[in-house]
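A note on names: the letters A, B, ... follow the listed sequences, proteins ahead of strands, and every chain is numbered from 1.
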Protein chains: 2
Amino acid sequence: MRASDRAYATLRSDIINWRLTPGTVLGEVELSERLSVSRTPIREALAKLTAEGLSEPQSGRGVVVSEISLDHLEELFELRAALECKAAELAAQRRDPVIFLALYEKLSNAGELITAQDPDRADYYQLAGELDSAVDAAVGNHYLNLALKNLRVHLVRVRRLSKDNPVRLRDAAREHAAIALAIAHGNPAVASAATTVHLDNSLRHLLSTAS
Amino acid sequence: MRASDRAYATLRSDIINWRLTPGTVLGEVELSERLSVSRTPIREALAKLTAEGLSEPQSGRGVVVSEISLDHLEELFELRAALECKAAELAAQRRDPVIFLALYEKLSNAGELITAQDPDRADYYQLAGELDSAVDAAVGNHYLNLALKNLRVHLVRVRRLSKDNPVRLRDAAREHAAIALAIAHGNPAVASAATTVHLDNSLRHLLSTAS
DNA sequence: CATCTCAACTATGTATACATAGGGCTTGTT
DNA sequence: AACAAGCCCTATGTATACATAGTTGAGATG
């Protein structure tokens with residue numbers, strides 16, 4: 001594996017998991033020492049992060065970890081609504097019913113995954129990720145998938161702005177199940193509407209519990 | 001200005017204007033000689049182009065100008081519909097009526113801009129760009145604007161796949177005028193619908209006249 | 001004659017040295 | 001004491017040298 005890829009993966013993970021907080025200066029020299037590679041791969045990694053929007057040029061000199069705050073939340077969800085509603089619509093037109101019926105079943109029982117034993121909700125988020133992947137595959141649109149991928153980076157970051165509580169997660173799982181069912185039924189309008197409802201609930205919850 | 005920025009701008013323009021055709025190998029050494037800079041800024045430029053989707057890694061070694069074909073057209077327009085309809089909706093809710101009424105007037109008379117004297121339709125496309133910019137400004141959503149910006153790069157490239165004829169451009173100008181008017185009136189549903197109609201017409205035209 | 005293997009060359013990945021610009025600190029003057 | 005100006009330091013921008021991997025071509029063997 002290339003050193004620049006390792007540096008990129010490390011920094012990306014550090015930013016997404018808030019080990020590097022917004023506003024942190026990403027100095028080339030400091031990073032090259034910390035990650036034990038020369039400045040060249042570090043520069044490459046920083047360029048990729050900046051292209052993704054995880055870091056920003058700082059007034060012409062150096063880059064900093066980009067801000068993510070409540071102001072960005074509503075903007076982020078406007079884009080999310082546009083992309084995910086369209087994706088749900090197209091998926092409903094092109095889906096394999098078997099796949100989405102199976103996901104519907106799993107999501108309907110997702111309440112069991114949310115236990116005190118798993119404080120990070122890794123199982124739950126993995127299942128939600130499976131739905132996303134299935135939608136992406138059904139849509140089969142390279143450009144739409146790319147836009148969604150870019151968006152999800154920021155959504156993962158924003159998750160840390162609020163405490164997720166078990167009640168909301170169980171509701172969210174039910175909403176996901178409703179989306180999967182509408183797609184399985186091949187009903188674009190309902191799939192899009194269910195997505196709109198889910199996103200509105202998610203945004204309200206995030207705004208109400210944000211720290 | 002930084003050498004890497006110049007290299008990036010030059011290459012970007014060359015790709016968008018089809019001076020570098022899809023599939024062309026972008027060798028670092030060759031480019032550094034042609035543009036008279038060292039490989040370092042060239043690498044930076046290629047990384048940005050690849051992040052934008054204008055070039056792609058070629059099986060692990062080197063990058064090539066990315067393909068753009070009729071297959072991509074329909075995918076591109078699905079994403080475009082999602083983003084531009086949402087943008088039109090939000091613009092209608094947040095617009096300054098004066099600005100969009102003025103654009104409506106200009107677009108209504110845009111037929112005069114399409115003359116034999118201007119084979120590149122520079123004036124027409126500039127006016128269309130003004131509408132895009134006004135919508136972006138009215139929406140005021142950083143993430144949505146960024147997604148639209150990334151999309152437009154590919155749209156400009158795709159334009160060359162077809163011959164634009166004056167009749168279609170005059171129709172397109174009328175459709176743009178309708179969008180501007182709906183936004184000026186503050187009617188999100190109509191703005192979105194007018195955008196849907198416009199995009200459908202554009203896509204049909206592109207597909208029918210493609211070379 | 002075709003195919004496989006080895007070697008050499010070329011292009012990319014990485015490191016480092018050098019140039020340069022911008023910011024901060026210190027000092028002097030008002 | 002405060003503000004401005006100049007110098008120094010540090011971090012980024014660029015160039016280049018070196019390492020390495022992949023590809024291509026040539027030669028030998030079946």
**OP:** Find the distance A:Q58:CD to C:dG23:C1' and express it as a whole number of Å.
**Re:** 11 Å
Subject >> Integer-rounded Å distance: D:dG13 P and B:K48 NZ >> reply: 11 Å
**OP:** Any salt bridge (Lys or Arg N to Asp or Glu O under 4.0 Å) involving residues 126-143 of chain B? Give me the pairs, sequence neighbours left out, ordered by first then second residue.
**Re:** B:K106-B:E130, B:D132-B:R152, B:D136-B:R152
Subject >> Which residues share a salt bridge (Lys or Arg N to Asp or Glu O under 4.0 Å) with A:D123, sequence neighbours left out >> reply: none
Original post:
Expressed in angstrom and rounded to an integer, what is the separation of A:I42 atom CD1 from D:dA11 atom C1'?
Top reply: 14 Å
Please table the atom pairs, donor to acceptor, closer than 3.5 Å between any side-chain atom in residues 24-33 of chain B and protein atoms at least two apart or in another chain.
| from | atom 1 | to | atom 2 | distance (Å) |
| --- | --- | --- | --- | --- |
| B:T24 | OG1 | B:T21 | N | 3.4 |
| B:T24 | OG1 | B:T21 | O | 2.6 |
| B:T24 | OG1 | B:T21 | OG1 | 3.3 |
| B:E28 | OE1 | B:R39 | NE | 3.0 |
| B:E28 | OE1 | B:R39 | NH2 | 3.0 |
| B:E28 | OE1 | B:R43 | NH1 | 3.4 |
| B:E28 | OE2 | B:R43 | NH1 | 2.8 |
| B:S32 | OG | B:E28 | O | 3.3 |
| B:S32 | OG | B:V29 | O | 2.8 |

Original post:
Rounded to whole angstroms, how far apart are CG on A:L31 and P on D:dA11?
Top reply: 12 Å
Original post:
Roughly how many Å is it from CD in B:E44 to C1' in C:dG13, rounded to a whole number?
Top reply: 15 Å
**OP:** With sequence neighbours excluded, give me every side-chain hydrogen bond (donor to acceptor under 3.5 Å, both in side chains) pair touching residues 85-95 of chain A.
**Re:** A:R94-B:E78
Original post:
Taking atom C1' of C:dG13 as reference, at what distance in whole Å does atom OH of A:Y8 sit?
Top reply: 19 Å
Original post:
If the sugar-phosphate is the primed atoms plus P, OP1 and OP2 and the base is the rest, what is the B/S/- string for nucleotides 14-23 of chain D, using protein heavy atoms under 4.0 Å?
Top reply: BBBB---BS-
**OP:** List for me each residue that meets side-chain contact (heavy atoms from CB on, under 4.5 Å) alongside A:A177, sequence neighbours excluded, and say none if there are none.
**Re:** A:Y104, A:L107, A:S108
Original post:
Between B:S55 and B:T50, do the side chains contain an N or O donor and an N or O acceptor separated by less than 3.5 Å?
Top reply: yes
